[in-house]
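One structure is given below, encoded as structure tokens.
Treat the numbers as computed from the prediction; the structure is a model and nothing was measured. Labels below follow one simple rule: chain letters A, B, ... track the order of the sequence lines, proteins then strands, and each chain is numbered from 1.
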Amino acid sequence: MIPLDSLNIKQREAVETTKGPVLVNAGPGSGKTRVITYRIANLVTNCSINPYNIVALTFTNKASREMSSRISNLTTDLRNSLTISTFHHFCSRILRYNATSINLDSNFSIIDDSDRLSIIKNVMTELKIDPKITPPRVILSAISNAKSLLLNTDGFKANASDNFKSMVYECYQLYEKQLHLSQVVDLDDLLLKVFFMLKSNNSILKTYQNRFEHLMIDEFQDTNIAQYEIAKLLSNQHRNICVVGDPDQSIYSWRNADIRNILDFKKYYSDAKIISLSENYRSSQTILTAAQSIISSNKNRIHKDLWTQNSKGHPVCLTETFNEREEATTILNEVQRLVSEEKMKLSDIAIMYRVNALSRVLEEVCIQNGIPYILVGSIKFYQRQEIKDLLAYLKLIANPKDDTSLIRIINTPSRKIGKKTISDLSSIANVLNLTIFDTLKQIVEEKIPPELQKRLNRGSLEKIKGFYKLLKQLLDIPENTAISEIITRIIEKTQYEEYLKHHFDHFEERLENITEFKNIAWDFSKNNEENSLILFLERISLVNDTDNIDETSSEYLTLITLHQAKGLEYPIVFIIGMEEGMIPHIKSMDSDAEMEEERRLCYVGFTRAKQKLYLSRTFRRGYRGGYERNIPSRFLNDLPKELTFVASEISEPTEYEDDWVNQEYQSPPSKYSSPKNTKTRFNQSSKSIRYDINKDVNPKENKISIGDHITHATFGKGLVTHVRKLGNDYEITIAFTDNKGIKKFLLSMAPITKD
DNA sequence: CAGTGGAGGCTTTTT
DNA sequence: GCCTCCACTG
């Protein structure tokens, strides 16, 4: 038996209501994952349900791994037959298993975003749609949106009421035609095709309905219509469906997550038991109250009162700095202080931001200060050019019909097959209604009509024949060859390394990436008995880079976007860029719905913090080349003043500051309830003075500010990283180039000149 | 065909 | 400010 007495009453109710539909409205840190894992353990151990009959669906691989490992901590030996998977993985399996029933090759590959983009660009060219007037991404997202709403081309046509929609419809049709010809699917298809398969094939539907007696969905607020409808279909026989989510943490509506699912759930399952988890185990009272004060301004929301038994904790600290460099320096000083004085580990700390671009300065200052950091998901491994090239070769070996992959590598490494030849080849393929690979085959076997062949001149003909020969050699690699070995052969046959060395400055890094890729392939073969290339490719298509964060390491500071931070927690959280235009983002300002999502995003950020929450804003931020004056984020106005304090000596408005300090925003009065020493200490480490490039106080001071490049008589070139007032003088910190280190000087004494 | 340079663009990105 | 796309030239 699994004891359930460690759960609170509500959690226990959610775990023990095993029959019928259940909706769990779970606030942040209220033990959401705990409920699902205990529920599964309870079903298996206490209710004797066969794990084979249970499925739990998540959104990320990370979440499903976490769930698996937490369940195996509770009970033994049931992970194997349990289905814990992401929606897409789950559907991919169903689709592959039953592919032939819908006229799809079970070797189908899954295309990524950039493949989709290049297909849609071709489609648009064919339809003579100007990509400057209608960006391909717009069409693509319209199609993706349609698929998420379960509109296939026929369904879309019925709704194509205006000019834009009929244009999208034309593109959608051709796009689908190309996908079908290539025997590939996009990520949305995994859901759409499974839905229509289940809907139209009763025997397949019955098989799965019989099997899945119990179905659970994590992060239900993030489901789109397609996912929800699939879940409904699957659970309609046993009706044991349990969904867990938090509408206040819905931050992916721009990816078609649909909050209507929660409302519909209550309507569709009128007998659903609705359980709210409102005790928070994660954050201090102060953090929770601050977060509530942000979210409670949303009008379109179901009211929910969170509470915690945790102590009041530290006040929320707002730091105000002049610009983004000073912001980074101030925050990283505090990070170092937390590590050295408060015995925090770097892995306890995360710095969060709305847009990726904000990580740049943080990175620079981390490097200057020697702080190791992990930048979550910036340049993605599988999106690197060299990896994409090799993947394209692998995909082509698995499925030679895959035109997109073929076109990607037909001239990589260079085989002197240019744009003209490729477009001639595509047009021939188009006329014959064949894939490019089959067209090449026909050409080599001299089976194509001479008037078509004439479109290619003799030179191009020889080159593409050579390419076909190469492809044949790759296709002849025996099927049971280890994937890493296949990669090695591809590299040999195409002389890919020589290509890299010849074409790129930083080829060493690219070679390292390839080695890493081979290692991944090797690991995969080791852990999967069937050495299937298709499964390997599927895994990669459905894996994202966030999955690779190593949470066990204590060595690294985390830099992460607010979106990516959902589902994570850290003892210490910094959120930077609390400015109008940043959070809330400027693009969300003309829509109430989007503004509410920004608020939820901010709420998600706040509720990641367990012990201490720091917010930061700047007066000016160098962003996109400009240097903008910033108004504090409207969300700061919602914070209870008694819970916050401002760690800044530069926030008091002066005569030349007035124009960029928002009139509405007032610095909190100094009677904060914060422990005095906390404030003082933090201020010591951030005693940066306000300096203004326009102000003429001292001619020398005017010359030097953070970010300036200077030359020192002894140490040479360097970058000013910090300026702070020291008596009547200024202490400046300079990071020198050529590994000469970081040194501090008195401005009046230092033999420096500005470059 | 390949390599360069200027113009324009720009949130977030679970799978 | 940086990256991507394309148009032009060798």
Short side-chain N/O contact from [X] to OP1 or OP2 of [N], under 4.0 Å:
X	N	answer
S414(A)	dC1(B)	no
H503(A)	dG3(B)	yes
N224(A)	dT14(B)	no

- Between dT13(B) and dT4(C) - P atom distance, rounded Å: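 It works out to 16 Å between them.
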Look at all strands and tell whether [X] reaches a base, only sugar-phosphate, or nothing, counting heavy atoms closer than 4.0 Å.
X	value
T421(A)	sugar-phosphate
L562(A)	nothing
H502(A)	nothing
N411(A)	sugar-phosphate

- Query: Whole-Å distance between dT11(B) P and L358(A) CG?
  - Reply: 12 Å
- Item | Selection from dC3(C), dT11(B), dC1(B) that lies nearest to any side-chain heavy atom of R360(A) | dC3(C)
- Item | Check ion pair K147(A)-E176(A) (N to O, under 4.0 angstrom) | yes
- Message: Quick test of your reading of the model: are D113(A) and R137(A) salt-bridged, counting only N-O distances below 4.0 Å?
- Response: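 Yes.
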- Query: Is R415(A) atom CZ crowded by more than 12 heavy atoms from other residues, nucleotides or ligands, each under 6.0 Å away?
  - Reply: yes
